[in-house]
Amino acid sequence: QAVNDLEDSYGQEWTYSDRKILEYTCHTAFFVSIVVVQWADLIICKTRKNSVFQQGMKNHFMNFGLCFETALAAFLSYTPGMDKGLRMYPLKINWWLPALPFSLAIFCYDETRKFLLRRNPGGWIEKETYY
């Protein structure tokens, strides 16, 4: 039997269905955060040694992929009926933002690694991180 009158620290009562909606909204937010972090992953995998700033973003297929994965995540989150089919609930726009610092950290780490690779060819960084 489900508890239907759970009270939180703010004095709000949460029914079982309200708690499940909150859980599924959190699942959607986690999915969106993976998409946001994948932006950096896709961009850093573009080159092995060159900086993205040297290489540029001229690959139209990759740019389309970035836009498409974002549009797909938005479609899955905001399309009516997804709460029934995939249990994905709409997110507030600011709930897309918490993953941005992690995406930026991945991007900055890899740009630093590539800079050190170019500066010290054959060095320790290349031996340990070059694939």
Side-chain angles (χ1 to χ4, degrees):
Q1 183 93 18
V3 177
N4 243 353
D5 58 352
L6 187 68
E7 189 174 306
D8 66 10
S9 60
Y10 294 106
Q12 302 174 66
E13 278 196 6
W14 291 80
T15 65
Y16 179 76
S17 63
D18 289 338
R19 294 193 312 267
K20 290 313 266 183
I21 289 171
L22 179 63
E23 178 188 354
Y24 297 144
T25 305
C26 292
H27 292 174
T28 306
F30 185 75
F31 168 72
V32 165
S33 69
I34 290 172
V35 169
V36 170
V37 171
Q38 287 298 319
W39 296 343
D41 292 338
L42 181 63
I43 292 170
I44 67 173
C45 289
K46 190 171 163 52
T47 66
R48 291 171 66 178
K49 283 190 178 181
N50 288 342
S51 170
V52 171
F53 302 109
Q54 293 171 330
Q55 184 78 15
M57 294 286 291
K58 297 174 187 164
N59 185 338
H60 300 298
F61 292 106
M62 187 191 77
N63 294 338
F64 173 76
L66 282 170
C67 294
F68 183 78
E69 76 169 329
T70 306
L72 182 62
F75 175 81
L76 291 174
S77 177
Y78 298 112
T79 301
M82 287 297 172
D83 57 334
K84 304 286 187 277
L86 295 177
R87 294 182 175 167
M88 296 185 82
Y89 283 79
L91 300 175
K92 294 179 182 177
I93 292 299
N94 61 338
W95 291 353
W96 285 65
L97 303 178
L100 283 176
F102 297 99
S103 188
L104 184 64
I106 290 169
F107 179 78
C108 291
Y109 165 78
D110 201 63
E111 283 296 312
T112 304
R113 184 188 67 82
K114 289 176 185 178
F115 171 75
L116 293 172
L117 278 174
R118 290 188 308 273
R119 194 169 191 209
N120 305 309
W124 181 82
I125 299 280
E126 185 168 346
K127 290 177 185 168
E128 294 297 323
T129 67
Y130 195 64
Y131 49 93

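Model, not experiment: these values are computed from the prediction.
A donor-acceptor pair under 3.5 Å links the side-chain atoms of S103 to the main chain of V36, judged by distance alone.
The minimum heavy-atom distance linking T28 with S77 is given by the pair CG2-OG, 3.7 Å. For the residue pair K114 and I44, the shortest heavy atom distance occurs at NZ-O, 3.0 Å. Smallest separation of non-hydrogen atoms from P98 and P101: O-CD, 3.2 Å. In plain terms, the two heavy atoms of P90 and T25 that are nearest each other are O-CG2, 4.2 Å.
Follow the hydrophobic side-chain contacts under 4.5 Å out from F31 and you reach L66 in the same cluster. With hydrophobic clusters built from ILVMFWY side chains whose heavy atoms lie under 4.5 angstrom apart, L76 does not share a cluster with I34. Hydrophobic clustering, with ILVMFWY side chains joined whenever heavy atoms are under 4.5 angstrom apart, groups L86 together with L72. At a threshold of 4.5 Å between side-chain heavy atoms, the hydrophobic network of Ile, Leu, Val, Met, Phe, Trp and Tyr places L22 and V32 in two separate groups. At a threshold of 4.5 Å between side-chain heavy atoms, the hydrophobic network of Ile, Leu, Val, Met, Phe, Trp and Tyr places F102 and L104 in two separate groups.
Under the 4.5 Å side-chain criterion, counting only non-hydrogen atoms from C-beta, K127 is not in contact with W124. Considering only heavy atoms from C-beta on, N120 stays 4.5 Å or farther from I125 through its side chain. You'll find the side chain of E111 reaches within 4.5 Å of the side chain of S51, heavy atoms only. At a threshold of 4.5 Å between non-hydrogen side-chain atoms, the residues R87 and K20 do not count as touching. Considering only heavy atoms from C-beta on, D41 comes within 4.5 Å of Q38 through its side chain. Looking at heavy atoms from C-beta onward, Y89 lies out of side-chain contact with H27 at the 4.5 angstrom threshold. Residues Y24 and D83 fail the side-chain proximity criterion, which asks for heavy atoms closer than 4.5 Å.
Residue R118 qualifies as enclosed at atom CZ: its count of foreign heavy atoms under 6.0 Å is above 12. A 6.0 Å sphere centred on OH of Y130 holds more than 12 heavy atoms belonging to other residues, nucleotides or ligands. By the 6.0 Å contact criterion, CZ on R48 is enclosed, its count of non-hydrogen atoms from other residues, nucleotides or ligands being greater than 12.
Within the model, atoms CG of N4 and CZ of R19 stand 7.0 Å from one another, a figure rounded to the nearest 0.5 Å. We find the SG-CZ distance between C108 and F115 to be 14.0 Å, quoted to the nearest 0.5 Å. N59 contributes atom CG, which lies 6.5 Å from atom CG of N63 (distance to the nearest 0.5 angstrom). Here the CE atom belonging to M88 is positioned 9.5 Å from the OG1 atom belonging to T79, to the nearest 0.5 angstrom. Residue F75 holds its CZ atom at 9.5 Å from CZ of F68, rounded to the nearest 0.5 Å. Distance check, rounded to the nearest 0.5 Å: OG1 of T47 to CD of Q54 gives 8.0 Å.
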Next on the checklist: Please evaluate residues Y78 and L91 with respect to the criterion side chain to side chain contact (heavy atoms under 4.5 Å, CB included), reporting the C-alpha separation (whole Å), side-chain torsions for both, the decisive distance (0.1 Å), and the verdict.
Outcome noted: CA-CA 8 Å; Y78 298 112; L91 300 175; 4.0 Å; yes
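With hydrogens and angles left out, the side-chain atoms of T70 and W39 include a donor and acceptor closer than 3.5 Å.
Aromatic ring pairs are classed by plane angle as parallel below 30°, tilted from 30° to 60° and perpendicular above 60°; the pair F107 and F53 is perpendicular.
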